[in-house]
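In what follows, a single structure is set out as structure tokens and then discussed.
For the numbers below, each heavy atom of this structure counts, side chains included, while hydrogens, waters and symmetry mates do not.
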Amino acid sequence: CCGTRMKKEGLNIPFATFLGFKGDKEPDIDLNFAGEYQPVAHRYVGEIFGEKNVFKAGTVATIADKTAFGYVKHYVEDNNIKASKYDIDYLVKGCTGVKRTTGQHPGGIIVVPDDHEIYEFCPIQKPANKRDTDVITTHFDYHKIDENLLKLDILGHDVPQLIRHLQVMTGVDPMTIPLDDPRTISIFTSLEELHIRNENYRFTHGTYAIPEFGTNFTRNMLDDIHPTTVSALIKMSGFSHGTDVWTNNAQELLRKGTATIDEVISCRDDIMNYLISMGCQPKLSFTTMESVRKGRGLKPEMEQAMRERDVPEWFIDSCKKIKYLFPKAHAVAYVMMAMRIAWFKVHKPMAFYAAYFSIRCPGFDLKVASAGVDAVRRKLNELARNMNELKQAEKDLYTGLEVVYEFYLRGFRFAPIDLKRSHATRFTIDGEALIPPFTAIAGLGEAAAIPIAEAREQGPFLSIEDLQQRAHVGGAIVDSGNF
């Protein structure tokens with residue numbers, strides 16, 4: 001009634017899903033940082049808890065069945081042993097799963113309480129017996145001790161890096177971007193805000209290059225859901241990260257009209273929140289959620305309690321199909337980042353594409369991209385004809401060219417590589433054109449691109465020979481025709 005604008009941060013995530021109603025659940029703490037900042041975040045954990053209490057989460061790599069078969073096959077042949085297929089299978093099974101080497105989780109950090117020592121829980125070691133490394137890990141695989149010690153996932157992620165890059169380029173604080181901006185939300189159901197300048201545009205979605213919503217799987221999901229709210233997008237994130245949550249489950253319920261997008265199960269929290277709202281006991285609602293999200297289905301007492309409270313059969317059947325459920329807090333975090341990036345795509349498009357091509361584009365071919373939209377279209381058609389046979393690099397190129405195609409049809413273009421203005425590693429904006437960096441040239445990596453930019457700071461290049469001498473550029477790069 002007071003007319004105050006709400007922040008709209010109420011997302012219905014009960015704290016019990018994090019620690020349980022009695023504080024008896026191991027918390028799952030994931031923190032995403034820009035990849036280049038991840039080591040700094042790791043060191044800061046040591047400052048908070050004390051270096052003596054912090055260890056990298058160890059992993060144990062085991063022998064796979066195919067590797068075991070190779071070992072047994074060679075052993076039998078090298079020793080002239082006659083062995084039947086069944087003898088070999090028996091030996092292979094004995095070798096499969098045996099410890100091969102050790103390693104470390106890319107972002108996992110084990111924290112020991114200050115009044116305990118790590119040796120009370122497990123030995124420690126250097127991964128893979130590398131004595132020259134400073135890294136210390138748990139000797140046991142972290143899965144074996146995660147119920148006894150806290151594990152933090154301090155992960156490197158390119159999305160925070162992308163958002164930071166956009167902030168630096170535009171001066172817009174991403175924390176001030178409204179998550180319910182109508183123009184931004186519209187690109188999940190319409191192309192109107194992209195202002196496509198061609199009636200024969202080949203795409204029907206506006207979410208290309210948006211994290212979480214730019215893959216084939218999620219674009220097909222958009223056609224079923226037609227999301228117009230942030231809550232529907234959060235549901236989509238849960239569907240895409242879960243196992244047996246969408247396909248042959250929620251998707252069928254929506255198509256048949258059995259349930260609405262707000263009713264179907266998408267994240268863990270949906271189960272507990274719904275059961276409590278139906279009058280089930282909070283503790284039983286929590287244990288039911290935990291059982292379903294781990295793929296263990298429903299125990300008889302859970303089903304009985306649900307039916308006593310008139311929980312619909314479709315909800316019970318849906319719980320039984322699920323193998324893994326995503327935490328809603330994770331889904332919310334991903335959608336919030338995706339919405340902020342989508343806002344830049346609508347309101348600051350040149351900055352959006354410059355950041356995407358610089359940081360997140362999996363495959364970029366300067367020769368094709370700079371040749372114009374017709375060349376891009378031809379290359380997309382060529383790759384699409386053999387989609388099932390493409391190598392990973394070609395699939396990455398296809399993904400990148402989809403965004404290049406959209407970029408062109410919004411009226412933008414690529415400028416040539418410019419020895420005076422190109423950045424070493426980042427695309428830069430020149431009106432309605434993007435100037436590619438030196439690293440966009442095939443065969444020219446960051447290690448070779450940075451010396452070019454550094455040499456340019458000392459004075460303009462007077463000739464190709466001057467470029468080669470001062471920046472140590474190879475003849476093949478010069479002959480590529482990009483300078």
Beyond-backbone contact of [X] with [Y], side-chain heavy atoms, under 4.5 angstrom:
{"X": "Thr189", "Y": "Pro227", "result": "yes"}
{"X": "Thr229", "Y": "Ile261", "result": "no"}
{"X": "Leu325", "Y": "Val292", "result": "yes"}
{"X": "Leu150", "Y": "Ile29", "result": "yes"}
{"X": "Asp224", "Y": "Leu254", "result": "no"}
{"X": "Met339", "Y": "Phe188", "result": "yes"}
{"X": "Val346", "Y": "Phe352", "result": "no"}
{"X": "Phe326", "Y": "Arg268", "result": "no"}

Is it the case that the side chain of [X] and the backbone of [Y] share a donor-acceptor pair, with hydrogens and angles ignored and the cut-off at 3.5 Å?
{"X": "Lys25", "Y": "Thr17", "result": "yes"}
{"X": "Ser240", "Y": "Ser237", "result": "yes"}
{"X": "Asp153", "Y": "Leu155", "result": "no"}
{"X": "Thr288", "Y": "Leu284", "result": "yes"}
{"X": "Thr243", "Y": "Tyr324", "result": "no"}
{"X": "His42", "Y": "Ile154", "result": "yes"}
{"X": "Thr184", "Y": "Asp180", "result": "no"}
{"X": "Thr207", "Y": "Phe213", "result": "yes"}
{"X": "Thr287", "Y": "Lys283", "result": "yes"}
{"X": "Ser186", "Y": "Arg183", "result": "yes"}

(request) Identify, with sequence neighbours excluded, every residue that meets salt bridge (charged side-chain N to carboxylate O under 4.0 Å, His left out) alongside Lys299. (result) none

(request) If the plane angle is over 60° it's perpendicular, under 30° parallel, otherwise tilted; pick one for Tyr201 and Tyr405. (result) parallel

(request) Would you please classify the geometry between the Phe414 ring and the Phe407 ring as parallel, tilted or perpendicular, with 30° and 60° separating the classes? (result) tilted

Which heavy atom in [X] sits nearest to a heavy atom in [Y], and how many Å separate them?
{"X": "Pro211", "Y": "Ile341", "answer": "CG-CD1, 3.6 Å"}
{"X": "Gln104", "Y": "Pro127", "answer": "NE2-CG, 4.2 Å"}
{"X": "Cys280", "Y": "Ser285", "answer": "CB-OG, 3.5 Å"}
{"X": "Leu166", "Y": "Ala351", "answer": "CD2-O, 3.3 Å"}
{"X": "Ala449", "Y": "Ala424", "answer": "CB-O, 3.5 Å"}

Counterpart residues, side-chain hydrogen bond (donor to acceptor under 3.5 Å, both in side chains), relative to [X] (two or more places apart):
{"X": "Gln38", "result": "none"}
{"X": "Glu308", "result": "Gln304"}
{"X": "Asp173", "result": "none"}
{"X": "Glu303", "result": "Arg307, Lys320"}

Side chains of [X] and [Y] only: does a donor on one sit below 3.5 Å from an acceptor on the other?
{"X": "Ser318", "Y": "Asn249", "answer": "yes"}
{"X": "Asn248", "Y": "Glu252", "answer": "no"}
{"X": "Tyr37", "Y": "Arg164", "answer": "no"}

Quick one: which residue pairs count as a ring pair (Phe, Tyr, Trp, His ring centres under 6.0 Å) with a foot in [range], not counting sequence neighbours?
{"range": "residues 371-402", "result": "none"}
{"range": "residues 278-312", "result": "none"}
{"range": "residues 248-270", "result": "none"}

Nearest 0.5 Å, what's the [atom1]-[atom2] distance between [X] and [Y]?
{"X": "Arg426", "Y": "His165", "atom1": "CZ", "atom2": "NE2", "value": "5.0 Å"}
{"X": "Phe412", "Y": "Arg197", "atom1": "CZ", "atom2": "CZ", "value": "7.0 Å"}
{"X": "Leu298", "Y": "Asp317", "atom1": "CG", "atom2": "CG", "value": "9.5 Å"}
{"X": "Asp223", "Y": "Thr204", "atom1": "CG", "atom2": "OG1", "value": "5.5 Å"}
{"X": "Phe203", "Y": "Tyr208", "atom1": "CZ", "atom2": "OH", "value": "4.0 Å"}
{"X": "Ser190", "Y": "Ile185", "atom1": "OG", "atom2": "CD1", "value": "13.0 Å"}

(message) Counting only heavy atoms not in Gln281 (residues, nucleotides, ligands), do more than 12 fall under 6.0 Å from its CD?
(response) no

(request) Taking atom CE of Met175 as the centre, report whether more than 12 heavy atoms of other residues, nucleotides or ligands fall under 6.0 Å from it. (result)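 No, not enclosed.
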
(request) Walk me through it: do Phe239 and Val264 pass the test side chain to side chain contact (heavy atoms under 4.5 Å, CB included)? (result) CA-CA 10 Å; Phe239 294 144; Val264 291; 3.6 Å; yes

(message) Under the salt bridge (charged side-chain N to carboxylate O under 4.0 Å, His left out) definition, can you give me all pairs with a residue in residues 325-348, not counting sequence neighbours?
(response) Lys345-Glu406

(message) Show every salt bridge (charged side-chain N to carboxylate O under 4.0 Å, His left out) that has at least one partner inside residues 427-452, sequence neighbours left out.
(response)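 Non-adjacent pairs meeting salt bridge (charged side-chain N to carboxylate O under 4.0 Å, His left out): Arg421-Asp430.
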
(message) I'd like to know if Arg219 and Glu402 make a salt bridge, using a cut-off of under 4.0 Å between side-chain N and carboxylate O.
(response)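 Judged by the 4.0 Å cut-off on N to carboxylate O distance, Arg219 and Glu402 do form a salt bridge.
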
(request) Examine Phe15 together with Phe18 and report whether their ring centres are nearer than 6.0 Å. (result) yes

Show which side-chain atoms of residues 357-384 pair as donor or acceptor with protein atoms under 3.5 Å away, not counting sequence neighbours.
unit_1: Ser358; atom_1: OG; unit_2: Ala354; atom_2: O; d: 2.6
unit_1: Ser358; atom_1: OG; unit_2: Phe427; atom_2: N; d: 2.8
unit_1: Arg360; atom_1: NE; unit_2: Asp158; atom_2: OD1; d: 3.2
unit_1: Asp365; atom_1: OD1; unit_2: Lys367; atom_2: N; d: 3.0
unit_1: Asp365; atom_1: OD1; unit_2: Val368; atom_2: N; d: 3.2
unit_1: Ser370; atom_1: OG; unit_2: Leu366; atom_2: O; d: 2.6
unit_1: Asp374; atom_1: OD1; unit_2: Arg377; atom_2: NH1; d: 2.7
unit_1: Lys379; atom_1: NZ; unit_2: Glu382; atom_2: OE2; d: 3.4
unit_1: Asn381; atom_1: OD1; unit_2: Arg202; atom_2: NH1; d: 3.1
unit_1: Asn381; atom_1: OD1; unit_2: Arg202; atom_2: NH2; d: 3.1
unit_1: Asn381; atom_1: ND2; unit_2: Arg377; atom_2: O; d: 3.3

(request) Taking side-chain contact (heavy atoms from CB on, under 4.5 Å) as the test, write out the residues that go with Thr260, two or more places apart. (result) Asp262, Glu263

